[in-house]
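Atom set for the values below is all heavy atoms of this structure, side chains included, hydrogens, waters and symmetry mates excluded.
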Amino acid sequence: MTAPRIVHGGGIAAAAARFGGRPEDWLDLSTGINPIPAVLPEVDVAAWHRLPDRHRQDETRAAAARYYGTPDALPLPVPGTQSVIQLLPRLVAAGRRAAVFSPTYGEYARVLGNAGVPVDRITSPGEVTSAHGLVIVVNPNNPDGRLFSRETLLDLHARVAGEGGLLVVDEAFGDMRPETCIAPLAGEGRPGLLVFRSFGKFFGLAGLRLGFVIGETAVVERIEDGLGPWAVSGPALTIATRLMGSDTTVIGRSIAARKAALDATLTGAGLDVVGGTGLFSLVEHADAAALHEALCRRHILVRPFDYNPRWLRFGLTPDAAGDARLAAALAEGMAGR
């Protein structure tokens, strides 16, 4: 039986339809996206007018290799890593199982299960066995921020690859913790390792629908073939090339400042921050559902979780005014319970 679709972050229109207000007047804290988008570079007319020529993709791949520090691999641009998750069942050998470190981004288990691949939800490397032809780790994890060291991941890769399997490491939230990222170690020298990177989260440009896949050529080419020609638009390639080649220090500092302000707001309201990454914080609360609804009534959207009714995930606010709005809503919502 096909698993039901997952309710992700976002969905402001649906929230506004239920709780009122115009979507543009809501404060959306339900996603893990930089709330201060990078300034868009100029895009040449040819990028809009022509199909994305090979030279444009090659320039982006070279820029991504420098940005992610992958001397042994040219990252493949993809139209969001969700597009590649859809292809993962093709990479599991017949008769083998998948292991997904859980809880995590729900599309992995859903897509694999719908394709008939048996999925084991695991919590530690010791649970991986020779039966697992595909192992998936989101690092840092969404939503709890669980973080494995490079050494742990390399040990896990050696075990999985030694059994002819594939380890997928999703580093969608890795930009703020580059020292833990395994992307620089992926490539021809490590068969059986595939790394996903997100572009839109750190740069605040999720609407571009752009990500990168890093790994050995044979696997990356299978993914490229599965996506088909011209998978990523010329404007997206151009924007990524220029932004990844720019000084991103200011972006990182801005995210760090927004994260510190969010955590101060949450703890100041008496909430218990139990996890997160540079782009979101996870709160545990005994009556999280009531708090979620109280915030919705004040036109602030955060992310609840059906598998853990005590959790709420808060994304970053864009400025001090957003912090103040959230603080006021939390004070009113918690006082009214």
task: Answer yes or no: does atom CD of Glu42 have more than 12 heavy-atom neighbours from other residues, nucleotides or ligands under 6.0 Å?
output: no
task: For side-chain hydrogen bond (donor to acceptor under 3.5 Å, both in side chains), just list the numbers for Tyr108 and Asp170, CA-CA rounded to whole Å, side-chain angles, deciding distance to a tenth of an Å, and then say yes or no.
output: CA-CA 11 Å; Tyr108 283 107; Asp170 182 337; 2.7 Å; yes
message: Taking side chain to side chain contact (heavy atoms under 4.5 Å, CB included) as the criterion, tell me which of Asp144, Val302, Val283, Asn142 meets it with Arg313.
response: Asn142
message: Quick one about Asp25 and His299 (side-chain donor to acceptor, distance below 3.5 Å, no hydrogens or angles considered), yes or no?
response: no
field: CA sep, side-chain torsions, deciding dist, call: Phe212, Tyr68, ring pair (Phe, Tyr, Trp, His ring centres under 6.0 Å)
entry: CA-CA 10 Å; Phe212 291 89; Tyr68 293 124; 5.8 Å; yes
field: Donor-acceptor pair, side chain of His132 and main chain of Leu134, under 3.5 angstrom
entry: no
query: Is there a donor-acceptor pair closer than 3.5 Å between any side-chain N or O of Thr238 and the backbone N or O of Gly234?
result: yes
field: Plane angle bin for Tyr307 and Trp311 - parallel if under 30°, tilted between 30 and 60°, otherwise perpendicular
entry: perpendicular
message: Once rounded to the nearest 0.5 Å, what's the spacing between atom CG of Asn141 and atom CG of Leu282?
response: 10.0 Å
- request: Mark yes when over 12 heavy atoms from residues, nucleotides or ligands other than Arg50 sit less than 6.0 Å from its CZ; otherwise mark no.
  value: no
- request: Test Phe305 against Leu312 for side-chain contact (heavy atoms from CB on, under 4.5 Å), laying out the working first.
  value: CA-CA 7 Å; Phe305 296 91; Leu312 291 175; over 6 Å; no
message: Hydrophobic cluster membership, with links at side-chain heavy-atom distances under 4.5 Å among I/L/V/M/F/W/Y: are Leu74 and Leu185 in one?
response: no
message: If the threshold is 4.0 Å, N to carboxylate O, is there a salt bridge linking Asp319 and Arg258?
response: no
task: For Glu216 and Gly192, indicate whether the former's side chain and the latter's backbone hold a donor-acceptor pair under 3.5 Å.
output: yes
Atom NE2 of His49 with >12 non-hydrogen neighbours under 6.0 angstrom: no
N/O donor-acceptor pair under 3.5 Å between Asp247 side chain and Thr249 backbone: yes
field: Test log, rule salt bridge (Lys or Arg N to Asp or Glu O under 4.0 Å), inputs Glu59 and Arg61
entry: CA-CA 5 Å; Glu59 290 173 356; Arg61 298 188 75 170; over 6 Å; no
- line: Rounded to the nearest 0.5 angstrom, the CG-OG distance for Leu210 and Ser233 is 8.0 Å
message: Set out, in order, the CA-CA distance, both residues' side-chain angles and the distance that settles side-chain contact (heavy atoms from CB on, under 4.5 Å) for Asp44 and Arg56, then state yes or no.
response: CA-CA 12 Å; Asp44 58 286; Arg56 198 177 295 270; 3.2 Å; yes
query: Does Arg110 pair with Glu107 as a salt bridge, N-O distance under 4.0 Å?
result: yes
message: The test is side-chain contact (heavy atoms from CB on, under 4.5 Å); show your working for Val213 and Val195 and say whether it passes.
response: CA-CA 6 Å; Val213 174; Val195 179; over 6 Å; no
- request: Any chance you could lay out the side-chain contact (heavy atoms from CB on, under 4.5 Å) test for Leu243 and Leu205, step after step, and finish with the verdict?
  value: CA-CA 11 Å; Leu243 287 181; Leu205 299 171; 3.6 Å; yes
message: Using a strict threshold of under 4.0 Å (side-chain N to carboxylate O), is an ion pair present between Glu332 and Arg298?
response: yes
- request: Output yes when Glu163 and Arg159 qualify as a salt bridge under the 4.0 Å nitrogen-oxygen rule, no when they do not.
  value: no
query: For Val137, which of Thr152, Thr104, Leu153 qualifies under side chain to side chain contact (heavy atoms under 4.5 Å, CB included)?
result: Leu153
query: Does the side chain of Ser124 come under 3.5 Å of the side chain of Glu127 through a donor N or O and an acceptor N or O?
result: yes
Side-chain donor/acceptor of Asn308 to backbone N/O of Arg310, under 3.5 Å: yes
message: Measuring from atom CG of Asn139 to atom CG of Leu147, what distance do you get when rounded to the nearest 0.5 angstrom?
response: 5.0 Å
- request: For the pair Gln86 and Ser83, evaluate side-chain hydrogen bond (donor to acceptor under 3.5 Å, both in side chains) and give the outcome as yes or no after the intermediate values.
  value: CA-CA 5 Å; Gln86 304 298 133; Ser83 66; over 6 Å; no
field: Glu171 versus Arg197, closest heavy-atom pair with distance
entry: OE1-NH1, 3.1 Å
query: Do the side chains of Val219 and Val78 join up, straight or via other hydrophobic residues, at under 4.5 Å, putting them in one cluster?
result: yes
Euclidean distance, Leu330 CG relative to Phe314 CZ, rounded to 0.5 Å: 5.5 Å
task: For the pair Arg303 (side chain) and Leu29 (backbone), establish whether a donor and an acceptor sit closer than 3.5 Å, ignoring hydrogens and angles.
output: no
- request: Run the ring-centre check on Phe173 versus Phe202 and record whether the distance is less than 6.0 Å.
  value: no
query: Do the charged groups of Arg222 and Glu224 touch, with an N to O distance under 4.0 Å?
result: no
